[in-house]
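These notes concern the structure reproduced below.
Below, chains carry the letters A, B, ... as their sequence lines are ordered, and counting in each starts from 1.
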Number of protein chains: 2
Amino acid sequence: MTVTHDVGSFADDRATPDGLLQTADRALQVLLHFDGLRTEWGVTEVAEEFGFNKSIAQRLLATLAHRGFLIADPDTRRYRIGPSAMTLGHAWERSGSLRAIVDPILRELSARTDATAILALPDNLHMRAVAAVDGSSGPLRVYPLVGELYPAHAGATSKAFYAYLPAQQRQLLFAGRPIARFTDRTVTDASALEAEFLRIRQQGYASTVGEYDSHVAVVAVLVSVRGEPYGSLSLGGPEESFVNPEQHVPLLRHAAQQIERRLTGRPRTRKD
Amino acid sequence: MTVTHDVGSFADDRATPDGLLQTADRALQVLLHFDGLRTEWGVTEVAEEFGFNKSIAQRLLATLAHRGFLIADPDTRRYRIGPSAMTLGHAWERSGSLRAIVDPILRELSARTDATAILALPDNLHMRAVAAVDGSSGPLRVYPLVGELYPAHAGATSKAFYAYLPAQQRQLLFAGRPIARFTDRTVTDASALEAEFLRIRQQGYASTVGEYDSHVAVVAVLVSVRGEPYGSLSLGGPEESFVNPEQHVPLLRHAAQQIERRLTGRPRTRKD
DNA sequence: GAAATCGTTGCTAATTATGCCACAGTCGCG
DNA sequence: CGCGACTGTGGCATAATTAGCAACGATTTC
């Protein structure tokens, strides 16, 4: 398997493309950084992180707060995520877009490989299965998977994603925290983990056996959106029957690209 | 009870206040309109609705799509809510801000009135209880309330909110759809409903008995954020023991204002 | 097949955002 | 308790971005 993945292409594109509105784009960019890794930002911090002038950072944050996307702590004057985020979250759930987009792709994937296909997105310091289709045959039926959380360090589903996070952020994740063991195959050594992440980036996929659930083999690839790591797509099955998982990597890659394209959902232009 | 509520002040402030960034504000404003009432927008529609030029609308939408807040249907070129909305929703849930802000207020409300206090927010065409504190005494204990949905037309919790929606949006809600009956006290006549909404606006609160759940009396007021209807705050209890619910309206109003202030969370300025 | 509608894109004027500066609170320290 | 450092806020001239126009291409409707 050759290295088709563009290792290290994940500089989070901060430049605003032509034809788009810079100020709006910057606001949205800042907003997206109120995630699990960083929940609070001050004016100066935002200015430094994004290279804005302080006054710009302050006005961006104030504008986001004005529409309820952030709230400013009256005491510390630091900003946290605001109630409009909930509004959007509900709107997204209601829309059912994710299932509509992803389910058919998962279904095909599962049908062609006879394995369980899962799309997982990062959630706090874990990966959360947001859509899944059971492998159709075999004795082992997988229980309700949607909503399930996986630890960041065990299993291909998580590794395929976290391998592509900037090393700095990964350190924030794993530093200090003890690394939990789930099976005798769980990797609990920090430097061994880091070496694995490197290998995953090099080969473009992650493959594990029984790291989280015993006797379950999983192969997974990164799903990126607009050049940034977004989630992971995986195929899993019982160790005995799900033979040579790596053979499905091309299929997984193709499906991941499909998802990426449909999640991006930019209108077709002449250049496409 | 006098009319203290500023009826009709809910023109959704589209002007961007001084010191804020107009372009960013417009983008956020547009984004917030991808809610339950309207899930799809085209470029021209946005331009007309907000009074923008077509090209501005197109660039706003493209920018929102670029960061994943919207996705454009490749075929129809209409925009729908995008995956970044989910990201934000998760961030909000994780932050636990809502509970932290609201729970103490609900607790005090419940303790002082011996009733069940609920904060409900609109969700799709319903109201969803997002935080609640049980009335502490009495034989009737209310079950897990958080997450529960109430229909838009029955019960004070819903009415206190929907009364303040622009009539036009309310019509979108109720037009065509049959109005479901839950108890013999449910109001199912559209014009009777509209008359009630008017009265609620005039008196500044909603009060119902057994419209949704039999033998449950509820009194509720609007919670607005930055001059826009945001949700409702209600007190409810068994019809027999929860006497003269209207007496608690001042308390409810005060609590609603507290919530509003803390949800807005703008830093104090000299003028405050 | 024609007309109307919708979304996209270059271009220039003009509004808007930018960055600098100065000020005002706050926190920590001596 | 007062001093210094830092963070956030606001005014203002400049410079850059956006707004609006208008024309085009692509779709859809009649």
Side-chain angles (χ1 to χ4, degrees), chain A residues 14-31 33-34 38 40-67 70-80 82 264-272, chain B residues 14-31 33-34 38 40-67 70-80 82 264-272:
Chain A
R14 282 176 176 171
T16 305
D18 264 17
L20 268 51
L21 304 178
Q22 189 193 63
T23 309
D25 187 57
R26 286 177 164 181
L28 298 174
Q29 226 175 117
V30 169
L31 180 55
H33 276 76
F34 285 79
R38 186 82 178 259
E40 282 198 2
W41 292 84
V43 169
T44 307
E45 292 168 333
V46 168
E48 283 174 1
E49 170 69 27
F50 295 89
F52 303 152
N53 189 292
K54 259 200 319 184
S55 44
I56 296 183
Q58 118 81 358
R59 289 189 260 250
L60 282 172
L61 290 169
T63 306
L64 285 163
H66 174 64
R67 294 292 166 189
L70 301 177
I71 49 180
D73 188 311
D75 302 322
T76 65
R77 302 208 164 181
R78 292 165 66 75
Y79 289 83
R80 281 179 279 104
T264 313
R266 292 237 287 172
R268 313 229 175 290
T269 65
R270 284 187 286 284
K271 293 149 209 153
D272 285 347
Chain B
R14 286 181 172 168
T16 306
D18 263 19
L20 268 51
L21 304 178
Q22 189 191 62
T23 309
D25 187 57
R26 286 180 166 179
L28 298 175
Q29 226 176 116
V30 169
L31 180 55
H33 277 75
F34 284 79
R38 186 83 179 257
E40 282 198 2
W41 292 85
V43 169
T44 306
E45 291 169 334
V46 168
E48 282 174 0
E49 171 68 28
F50 293 89
F52 303 151
N53 188 292
K54 256 199 320 182
S55 53
I56 298 180
Q58 121 79 2
R59 289 189 258 249
L60 282 172
L61 290 169
T63 305
L64 285 162
H66 174 65
R67 294 290 166 189
L70 301 177
I71 49 180
D73 187 310
D75 302 322
T76 66
R77 303 212 163 175
R78 294 166 64 76
Y79 289 83
R80 280 179 279 105
T264 311
R266 291 240 287 172
R268 314 230 174 288
T269 67
R270 288 185 285 286
K271 294 150 209 151
D272 284 348

Comparing A:Thr44 with B:Asn53, nearest DNA chain D nucleotide closer to 5' gives the residue A:Thr44
For B:Ala72 against B:Tyr79, the heavy-atom pair lying closest together: CB-CE2, 3.6 Å
For a quick check of understanding: with a heavy-atom distance under 4.0 Å over all strands, which category does B:Gly42 fall into, base, sugar-phosphate or nothing? sugar-phosphate
Across all chains, not counting sequence neighbours, the side-chain hydrogen bond (donor to acceptor under 3.5 Å, both in side chains) partners of A:Glu48 are none
Out of C:dC20, C:dT9, C:dG7, whichever nucleotide has its closest atom nearest the side chain of B:Ser55: C:dT9
With rounding to the nearest 0.5 Å, note down the distance linking CG in B:Leu64 to CG in A:Leu20. 9.0 Å
For B:Lys54 and C:dT5, what is the distance between atoms NZ and P respectively, to the nearest whole Å? 11 Å
Check the distance between D:dG25's C1' and B:Gln58's CD and give it to me in whole angstrom. 14 Å
Whole Å only: how far is the CZ atom of B:Arg77 from the C1' atom of C:dT5? 13 Å
What is the separation between atom CG on A:Leu60 and atom P on C:dT16, rounded to the nearest whole Å? 17 Å
B:Arg78: which residues meet the side-chain contact (heavy atoms from CB on, under 4.5 Å) condition with it, sequence neighbours left out? B:Glu40, B:Glu45, B:Thr76
Each nucleotide N or O in nucleotides 14-18 of chain D that has a protein N or O under 3.5 Å away: list the pair and distance.
| residue | atom | partner | partner atom | Å |
| --- | --- | --- | --- | --- |
| D:dT18 | OP1 | A:Gln22 | N | 2.6 |
| D:dT18 | OP1 | A:Thr23 | N | 3.1 |

Please check this pair: side chain of A:Trp41 against backbone of A:His33, looking for a donor-acceptor N/O pair closer than 3.5 Å. yes
Without placing hydrogens or testing angles, list every side-chain donor-acceptor pair under 3.5 Å for residues 51-61 of chain B, not counting sequence neighbours.
| residue | atom | partner | partner atom | Å |
| --- | --- | --- | --- | --- |
| B:Asn53 | OD1 | B:Ser55 | N | 2.9 |
| B:Asn53 | OD1 | B:Ser55 | OG | 3.1 |

Taking the side chain as everything from C-beta on, heavy atoms only, tell me whether A:Leu21 gets closer than 4.5 Å to A:Thr16. no
Salt bridge (charged side-chain N to carboxylate O under 4.0 Å, His left out) pairs touching residues 20-31 of chain A, sequence neighbours excluded, are A:Asp25-B:Arg67
Note: for B:Phe52 and A:Trp41 on DNA chain D, the residue whose nearest nucleotide lies more 5' is A:Trp41
Double-helix bend of the helix from C:dG1-D:dC30 to C:dG30-D:dC1, axes at both ends from 5 pairs, round to 10°, gives 50°
Within this structure, what is the CD-to-C1' distance between A:Glu45 and D:dG8, rounded to whole angstrom? 12 Å
